[in-house]
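I have placed the structure first, in the form of structure tokens, so that the comments after it can refer back to it.
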Number of protein chains: 4
Amino acid sequence: MINRVVLVGRLTKDPELKYTPNGIAVATFTLAVNRQFSNPQGEREADFLNIVVWRKAAENVANFLKKGSLAGVDGRIQVRTYEQDGRRQYFTEIVADTVQFLEPKGSSGSGGGNGGGRSNDFYGAPPREPQGSSYGGGNQNQRQNSNQGFTRVDDDPFAGSGQIDISDDDLPF
Amino acid sequence: MINRVVLVGRLTKDPELKYTPNGIAVATFTLAVNRQFSNPQGEREADFLNIVVWRKAAENVANFLKKGSLAGVDGRIQVRTYEQDGRRQYFTEIVADTVQFLEPKGSSGSGGGNGGGRSNDFYGAPPREPQGSSYGGGNQNQRQNSNQGFTRVDDDPFAGSGQIDISDDDLPF
Amino acid sequence: MINRVVLVGRLTKDPELKYTPNGIAVATFTLAVNRQFSNPQGEREADFLNIVVWRKAAENVANFLKKGSLAGVDGRIQVRTYEQDGRRQYFTEIVADTVQFLEPKGSSGSGGGNGGGRSNDFYGAPPREPQGSSYGGGNQNQRQNSNQGFTRVDDDPFAGSGQIDISDDDLPF
Amino acid sequence: MINRVVLVGRLTKDPELKYTPNGIAVATFTLAVNRQFSNPQGEREADFLNIVVWRKAAENVANFLKKGSLAGVDGRIQVRTYEQDGRRQYFTEIVADTVQFLEPKGSSGSGGGNGGGRSNDFYGAPPREPQGSSYGGGNQNQRQNSNQGFTRVDDDPFAGSGQIDISDDDLPF
DNA sequence: TTTT
DNA sequence: TTTT
């Protein structure tokens, strides 16, 4: 059924890149999307939305976006459910089909030096592609390539660490 | 900033209509939106999304939609935050600008008999209209017009009851 | 770049199904989308939008939708340009990723008897899939299976007939 | 009925600001939206889409956007029809509810010097507001304020000139 | 007629 | 050229 979301906002932190046990890249980040109107106190609030993106687009996100970057997201809303202290919890996220980098002029100033400059799109999560092992587990993320290597992701790409060993079949793609 | 959501799905229950202390109508319902692909177990899962709609559209929703109705929603995602047992909780909802009734042929079978038949739209939450007292608190909802009268809504239209007395200024419009 | 369109409306005629020389299915139809407000003469106008959908979804569209069907479309806008009498002409169409059949209750009454009943989605135009010869040219359209066989489509799926022999490379996918 | 479009692209020229006989501002521009994939010749094509925006947002567009600006648009597709040499012609445009200025860092380099810097939204075309004469005809456009004054718009905001005298009632709002 |  |  139709489930379409389009957002433009700024990353609240650097994106996190992880890999599934099968070597599929997944990036997560939070997008701050300013509200249309200020609240009665005159403050312009924002909604903080959790974004997930898979495969090649995940690696592009990790390479080209960072805290503060302006980005567009085209995807779908999804609610994940989990138990915590015996209570059912809900986690709402946007699964991005496309992430667009929106920093037009050799911006990004300080920091990582992603070069960049052109407005650019990353297309992720192609619907139901063969889930081959084409992602061999090699970490192509340029920014997190120091000591820690990459992180494995299991069922929850937003989780801090994932030790439980599950297969790709449990992943939502 | 751009924040746009379009959904088509079915109501999991009859919508709930409430009124703010100032007499502004607000309806809430949950929309079940089937996922594109079935999970590895071959089941077609759904996402259950919380929808809010204000003013005249809220009353139309209450009058014309019910459990099982197919509906389209055009709106924006919003995250509300609240404390519970000292823990910060997040509640994600879609604030609908438009709700479209999608039951083309004199459907709705049993129950309320809303007659209907035509595909119909309800436009809600016009951005920043004067928040006059045009909604005098009279309950125009035909389906919930029995004994219980209408319910007051305070800061959380999804809450079961709201006793705290807040003004319209605390409402997100 | 972000280019997203979501529509709900009714088919003004039965969809047309054609096949490229390489056997790829493409369906076209016009969707009447009623405007939000009536014009000063009190009439509720509609916009008539050209929709294209490829591959399996095209065949589903041809099999399950017909004149008057309520349908949802999720896709992108595209402008094609062509010459006519030495004048440059523009043709705007929506390339659908998904077409959703929105006739909830064993509707469609008279006519083709598509059975159906459930709300259903067709996913078309997967971005950049290998354009294999999986569509062998066999016409699986149940409604147009009489004498005329299928129609070849060349560069313009909306054109009445296409005699010029061009390859898949000229097609927009 | 649901009719929603979200675009991100660049202006091909400076926007044009006009005023209706009743003094309502309307801006038009063309947005170049790059396609997702390059064509078989390896070129990245674009779609050129006509955007219209009304009232205050129109004036903001005229003041803050110019040729080459990156902008987001949230609106609806509309088809206008007209006669030319006895032939019916169609003109497809996007009526913007919101235009978002997407040049994050004091960009816009040469030229008008709009200062700016912050990502900014303009909300136009509020649905069915009272069509009063609140726009008194004063031209607030800073960039086109030289000799030519403002231009009147009649039925077609994209037309070069409009001599026919029509009332606001013929305008699509 | 097109933008970076 | 248009749908309910």
Q. With sugar-phosphate meaning primed atoms plus P, OP1 and OP2, does D/Gly9 contact a base, only sugar-phosphate, or nothing at under 4.0 Å between heavy atoms?
A. nothing
Q.
From the set E/dT2, F/dT4, F/dT2, return the single nucleotide nearest to any side-chain atom of C/Arg10.
A. F/dT4
**Q.** Closest to the D/Ala32 side chain, choosing from E/dT3, F/dT3, F/dT2
**A.** E/dT3
**Q.** Interatomic distance where CD belongs to C/Glu43 and P belongs to F/dT2 [whole Å]
**A.** 13 Å
Q | Distance in angstrom units between D/Leu7 CG and E/dT3 P, rounded | A | 18 Å
**Q.** Side chain of C/Asn34 - closest among F/dT4, E/dT3, F/dT2
**A.** F/dT4
Q.
Output the rounded distance in Å from CD (D/Glu93) to P (E/dT2).
A. 20 Å
(Q) For the CG atom of D/Asn60 and the CG atom of D/Asp121, what is their distance to the nearest 0.5 Å? (A) 10.5 Å
Q: Measure the distance from CG on C/Leu70 to C1' on F/dT3 and round it to the nearest whole Å.
A: 10 Å
Q. Between F/dT2, F/dT3, E/dT3, which nucleotide has the shortest distance from any of its atoms to the side chain of D/Lys67?
A. E/dT3
Q. Between the main-chain N or O of C/Val73 and the side-chain N or O of C/Gln100, is there a donor-acceptor pair closer than 3.5 Å?
A. no
**Q.** Separation of atom CZ in D/Arg44 from atom P in E/dT4, rounded to whole Å
**A.** 15 Å
Q. Say you draw a straight line from OH of D/Tyr82 to OH of D/Tyr90; how long is it, rounded to the nearest 0.5 Å?
A. 11.0 Å
Q: Compare every heavy atom of D/Pro15 with every heavy atom of D/Ala62, then report the nearest pair and how far apart it is.
A: CA-CG, 4.0 Å
